[in-house]
Amino acid sequence: VSTSPQAPTSNFKQQFLELTENEGLGLASLLAHLRKSLPPAARALVAGRVEVKEVWAALDRRYGDTNLAIINTKARLAQLDTGRGEDFDKVERLLEGVTEGRASLKALGAEEEILNDLALVSSLITKLPKSNQDYWHRYSTGASYRADTRSRGEKFTEWLEQEAAAANSAKLSHLASQANKGSGQEQSPKCGKCGKTGHKGGQCMAPQAGGGLDMDEAVPGECQVLV
């Protein structure tokens, strides 16, 4: 039965009962097996208990709220909506949700409830924009991914952080471009003939460079926009 370092996982009881119901274990063997399956911190809570129901009651009193918090945190992540808008905004919102969820479970000593939950990680991947899903697929099928011994959740979180950093750069570039459009900078072309702004080379009336006149000495009015 899988457990976390400090507390039984949210479905520990169900897993334990399913694994032992057909084993025909006596009370003493069942209690011994149960204690062995618990993490050290939980093991101390059930020391001296002689009935299985007493053990479960002690665990429920201690970890009931913790397990509920784990279930609720995972449910929030599974239902996370990255919303509409630009792709970089969706990536950032997903990272914020994952970071918040990990922090909440880390405080409970149950961070691996996210990192080791393959179904949850797969669900989070589907919340990414299509292009990022394609990037993940290429990464997760590569040699470096297979050589990495960390959990799928750990690798996904690190990759998501890198994607969010790239998304933030794209967002800044987008905002700068929008600001330039708003200020009219992109609407002031520079002439390749005389070097001045406000018109293009095909509209320029100035003499060709090298024709005997320095452009700085050109007669005012020679360079004008044709209407």
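Only a predicted model underlies this, so the values are computations on that prediction, with no experimental measurement involved.
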Below 4.5 Å, heavy atoms only, C-beta onward: do [X] and [Y] meet side chain to side chain?
| X | Y | result |
| --- | --- | --- |
| Lys90 | Asn132 | no |
| Leu95 | Val91 | no |
| Arg138 | Tyr145 | no |
| Arg150 | Glu158 | yes |
| Phe156 | Ser151 | no |
| Glu86 | Pro129 | no |

Exercise: identify the closest heavy-atom pair between [X] and [Y]:
| X | Y | value |
| --- | --- | --- |
| Gly153 | Val121 | CA-CG2, 3.8 Å |
| Arg93 | Gly83 | NH2-C, 3.9 Å |
| Ser123 | Ala78 | OG-O, 4.1 Å |

With a 3.5 Å cut-off and no angle check, do the side chains of Glu154 and Thr157 form a donor-acceptor pair?
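Absent: no donor and acceptor within the cut-off.
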Nearest-0.5 Å distance, [atom1] of residue [X] to [atom2] of residue [Y]:
| X | Y | atom1 | atom2 | result |
| --- | --- | --- | --- | --- |
| Leu105 | Ile114 | CG | CD1 | 4.5 Å |
| Trp136 | Glu163 | CH2 | CD | 10.0 Å |
| Thr99 | Glu92 | OG1 | CD | 11.0 Å |
| Thr126 | Leu124 | OG1 | CG | 7.5 Å |
| Arg152 | Ser140 | CZ | OG | 6.0 Å |
| Ser169 | Phe88 | OG | CZ | 11.0 Å |

Verify same cluster id: Leu118, Val98 (apolar side-chain graph, 4.5 Å):
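Shared cluster, no.
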Surrounding CD of Glu161 (heavy atoms of other residues, nucleotides or ligands, distance under 6.0 Å), is the total greater than 12?
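Enclosed: over 12 neighbouring heavy atoms sit under 6.0 Å from CD of Glu161.
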Tell me whether the count of non-hydrogen atoms from other residues, nucleotides or ligands lying under 6.0 Å of OH in Tyr135 goes above 12.
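Atom OH in Tyr135 is not packed in, count stays at 12 or less.
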Lys171 side chain vs Asp87 backbone, donor-acceptor pair below 3.5 Å:
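A pair under 3.5 Å: no.
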Main chain of Leu80, side chain of Lys127: is a donor-acceptor contact present, judged purely on distance under 3.5 Å?
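Such a contact is found between Lys127 side chain and Leu80 backbone.
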Would you check, one step at a time, whether the test side-chain contact (heavy atoms from CB on, under 4.5 Å) holds for Glu113 with Asp117?
CA-CA 6 Å; Glu113 286 280 347; Asp117 191 328; 5.7 Å; no
Could you check whether Glu100 pairs with Arg76 (Lys NZ or Arg NE/NH1/NH2 to Asp/Glu carboxylate O, under 4.0 Å)?
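Salt bridge flag = no for Arg76 with Glu100.
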Take Thr82 and Asp89 through the test side-chain contact (heavy atoms from CB on, under 4.5 Å) and record every step on the way to the result.
CA-CA 8 Å; Thr82 54; Asp89 289 324; over 6 Å; no
